[in-house]
A.B. asks: 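Please find one structure pasted underneath; my questions will follow.
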Number of protein chains: 2
Amino acid sequence: MTMVRQTRQRQAVIEVLRASREHPDAAWIHGRVRQVLPQVSLGTVYRTLDALVRDGLVVTIERAGQATRYDYKHEGHDHHHAVCRGCGAIFDVEAADIPALPPSALPAGFQVTDVRLEFMGLCPQCGNTSAGTSQPD
Amino acid sequence: MTMVRQTRQRQAVIEVLRASREHPDAAWIHGRVRQVLPQVSLGTVYRTLDALVRDGLVVTIERAGQATRYDYKHEGHDHHHAVCRGCGAIFDVEAADIPALPPSALPAGFQVTDVRLEFMGLCPQCGNTSAGTSQPD
DNA sequence: TTTAATGCAAACAATTTGCAGTAGA
DNA sequence: TCTACTGCAAATTGTTTGCATTAAA
């Protein structure tokens with residue numbers, strides 16, 4: 001069987017993620033982890049995050065050209081996201097239940113690990129000025 | 001006011017997109033467009049696609065490290081997507097209506113231009129072998 | 001001891017951008 | 001004419017990967 005090991009760096013990444021609801025990206029997480037384990041590499045952070053996503057503990061918000069943002073699935077806090085195309089800000093959206101799908105809607109044998117509901121658009125800031133504002137979140 | 005011009009290359013990109021339901025990426029579209037206008041650049045394709053997305057005519061499926069896939073919004077064919085984390089294949093999922101949101105769910109003043117419902121998971125192929133298969137779609 | 005996980009750095013690939021020239025309006 | 005749009009190529013930047021080493025189990 002595939003053996004998964006409990007390492008210090010892995011624990012640190014998980015801890016950082018659990019402690020933040022700011023949808024951080026890999027670089028930010030890396031910085032935080034380094035406060036505790038200064039020599040952890042960005043590569044390790046990425047590998048750990050990938051594993052957490054595969055395990056379904058973490059959800060991603062992915063945008064082309066932008067750093068992927070990671071969101072720890074805190075239990076009892078189901079929610080979706082509103083993403084601003086202008087500045088990249090991510091807002092939590094109170095969970096509305098995902099609609100039930102007709103049994104045949106998904107390809108036969110497709111195993112769903114996660115469902116994302118994302119509202120793309122412009123935040124109040126970016127909606128006004130044609131430009132768009134500066135920094136995320 | 002911002003002046004939008006009707007150019008040959010722009011028409012070609014739109015045409016290619018409308019003619020395909022395969023969720024192509026920019027490079028593929030570029031190749032197709034070049035069959036008609038051989039000297040069109042990839043940069044132009046990207047700029048055109050960005051414009052179409054902003055205008056709400058086209059939807060994107062974005063995955064970190066992967067090329068963004070583009071989906072023309074054919075009228076009367078509302079659907080969502082199932083995306084395989086293994087091979088990247090994208091399946092259309094018959095539309096189930098997006099749940100109505102409580103009025104206060106979105107940040108005040110947030111203008112929604114598009115709603116995405118994505119089912120992430122493993123397709124039949126990739127679900128069996130621990131490895132995962134080869135090519136998209 | 002066994003081998004998964006790590007750090008490092010180089011490699012990749014998708015996307016963006018600056019600029020001078022082209023062509024819609 | 002005026003300036004948005006284009007082609008080209010270079011530059012960014014997020015993410016992945018190879019490899020020798022370290023440390024869980």
Side-chain angles (χ1 to χ4, degrees), chain A residues 1-14 16 23-31 33-55 58 60-70 83 85-88 90 130-132 135-136, chain B residues 1-14 16 23-31 33-34 36-55 58 60-70 83 85-88 90 130-132 134-136:
Chain A
M1 260 315 296
T2 317
M3 173 54 113
V4 179
R5 292 180 184 172
Q6 182 74 344
T7 67
R8 226 175 332 233
Q9 24 282 78
R10 189 157 293 179
Q11 287 179 319
V13 169
I14 295 177
V16 167
H23 320 98
D25 61 25
W28 190 94
I29 295 167
H30 184 214
V33 168
R34 280 199 156 176
Q35 296 182 349
V36 183
L37 300 172
Q39 82 289 38
V40 170
S41 72
L42 184 54
T44 292
V45 171
Y46 270 111
R47 282 184 281 227
T48 302
L49 289 170
D50 285 351
L52 294 175
V53 169
R54 276 198 303 277
D55 291 352
V58 167
T60 57
I61 298 110
E62 306 180 40
R63 297 243 287 138
Q66 310 287 121
T68 298
R69 310 281 288 269
Y70 298 84
V83 183
R85 284 194 208 279
C87 62
I90 298 173
S130 53
Q135 292 302 0
Chain B
M1 261 317 293
T2 316
M3 171 56 114
V4 178
R5 290 179 184 170
Q6 183 73 344
T7 68
R8 225 175 333 233
Q9 24 283 81
R10 189 157 295 179
Q11 287 178 319
V13 169
I14 295 176
V16 167
H23 320 97
D25 61 25
W28 189 94
I29 295 168
H30 184 216
V33 168
R34 279 200 156 174
V36 183
L37 300 172
Q39 82 289 41
V40 171
S41 71
L42 183 55
T44 292
V45 172
Y46 270 112
R47 281 184 282 229
T48 302
L49 289 171
D50 285 351
L52 295 175
V53 170
R54 277 197 302 277
D55 291 352
V58 168
T60 56
I61 298 110
E62 307 179 40
R63 297 243 288 138
Q66 310 287 122
T68 297
R69 311 280 288 267
Y70 298 85
V83 183
R85 284 195 208 279
C87 62
I90 299 173
S130 54
S134 46
Q135 293 302 1

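So that the names make sense, note that chain A is the first sequence line, chain B the second, and so on, each numbered from 1. Side chains are part of it too, since the values below use all heavy atoms of this structure and drop only hydrogens, waters and symmetry mates.
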A.B. asks: Looking at every heavy atom in both Tyr70(B) and Ala26(B), which two are closest together, and how far apart are they?
C.D. replies: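 The answer is CE1-N, 4.0 Å.
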A.B. asks: Please report, rounded to the nearest Å, how far the C1' atom of dA13(C) is from the CD atom of Glu62(B).
C.D. replies: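 In whole Å, dA13(C) C1' lies 16 Å from Glu62(B) CD.
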A.B. asks: Are Arg10(A) and Val4(A) packed together at the side-chain level, in the sense that at least one heavy-atom pair is separated by less than 4.5 angstrom?
C.D. replies: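 Arg10(A) vs Val4(A): side chains touch.
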A.B. asks: With a 4.5 Å cut-off on side-chain heavy atoms, are Val16(B) and Val36(B) touching?
C.D. replies: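 SC-SC contact between Val36(B) and Val16(B) ruled out.
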A.B. asks: Strictly distance-based, threshold 3.5 Å: is any side-chain N or O of Glu62(B) a donor or acceptor partner for the main-chain N or O of Ala64(A)?
C.D. replies: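 It does hold such a pair.
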A.B. asks: List, one per line, each side-chain donor-acceptor pair under 3.5 Å for residues 38-45 of chain B, sequence neighbours excluded.
C.D. replies:
from     : atom 1 : to       : atom 2 : distance (Å)
Ser41(B) : OG     : Thr44(B) : N      : 3.2
Ser41(B) : OG     : Thr44(B) : OG1    : 3.1

A.B. asks: When you match Gln66(A) and Gln39(B) each to their closest nucleotide on DNA chain D, which lands nearer the 5' end?
C.D. replies: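 Whichever sits nearer the 5' end wins; that is Gln39(B).
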A.B. asks: Give, for atom CD1 of Ile29(A) and atom CZ of Arg34(A), the distance between the pair rounded to the nearest 0.5 Å.
C.D. replies: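 If we round to the nearest 0.5 Å, Ile29(A):CD1 and Arg34(A):CZ are 14.0 Å apart.
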A.B. asks: To the nearest Å, give me how far apart CZ (Arg10(B)) and C1' (dT6(D)) are.
C.D. replies: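 About 10 Å, once rounded to whole Å.
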A.B. asks: Between Leu49(B) (CG) and dC5(D) (P), how many Å, whole number?
C.D. replies: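 Checked: the CG to P distance equals 15 Å.
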A.B. asks: Does OP1 or OP2 of dA9(C) have a side-chain N or O of Ser41(A) closer than 4.0 Å?
C.D. replies: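 Negative; the distance criterion is not met.
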A.B. asks: Gln9(B) and Val33(B): side chain to side chain contact (heavy atoms under 4.5 Å, CB included), yes or no, with the steps?
C.D. replies: CA-CA 8 Å; Gln9(B) 24 283 81; Val33(B) 168; 5.5 Å; no
A.B. asks: Can you find a pair of side-chain heavy atoms, one from Gln11(A) and one from Thr7(A), that are under 4.5 Å apart?
C.D. replies: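 No. Closest side-chain heavy atoms not under 4.5 Å.
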A.B. asks: Quick one: the dot-bracket string of DNA chain D, using Watson-Crick and G-U wobble pairs with both distances under 3.5 Å, [ ] for crossing pairs and | for bases paired to another strand.
C.D. replies: ||||||||||.|||.||||||||||
A.B. asks: Where along nucleotides 16-25 of chain D does protein come under 4.0 Å, by heavy atom, of base (B) or sugar-phosphate alone (S), with - for untouched nucleotides?
C.D. replies: BBB----BBS
A.B. asks: Rounded to whole Å, how long is the line connecting atom CZ of Arg63(A) with atom P of dT13(D)?
C.D. replies: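 Going from CZ in Arg63(A) over to P in dT13(D) covers 16 Å.
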A.B. asks: Expressed as a whole number of angstroms, how long is the span from His30(A):NE2 to dT13(D):P?
C.D. replies: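 Checked: the NE2 to P distance equals 18 Å.
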A.B. asks: Atom CH2 of Trp28(A) and atom P of dG14(D): how far apart are they, to the nearest Å?
C.D. replies: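 The distance from CH2 of Trp28(A) to P of dG14(D) comes to 16 Å, rounded to the nearest Å.
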A.B. asks: Could you tell me how far apart Arg54(A) (CZ) and dA4(C) (P) are, to the nearest whole angstrom?
C.D. replies: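 One finds 14 Å between P of dA4(C) and CZ of Arg54(A), rounded.
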A.B. asks: I'd like to know if the side chain of Arg69(A) and the backbone of Asp25(A) have a donor-acceptor N/O pair within less than 3.5 Å.
C.D. replies: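 Checking the backbone N and O of Asp25(A) against the side chain of Arg69(A), no donor-acceptor pair under 3.5 Å is found.
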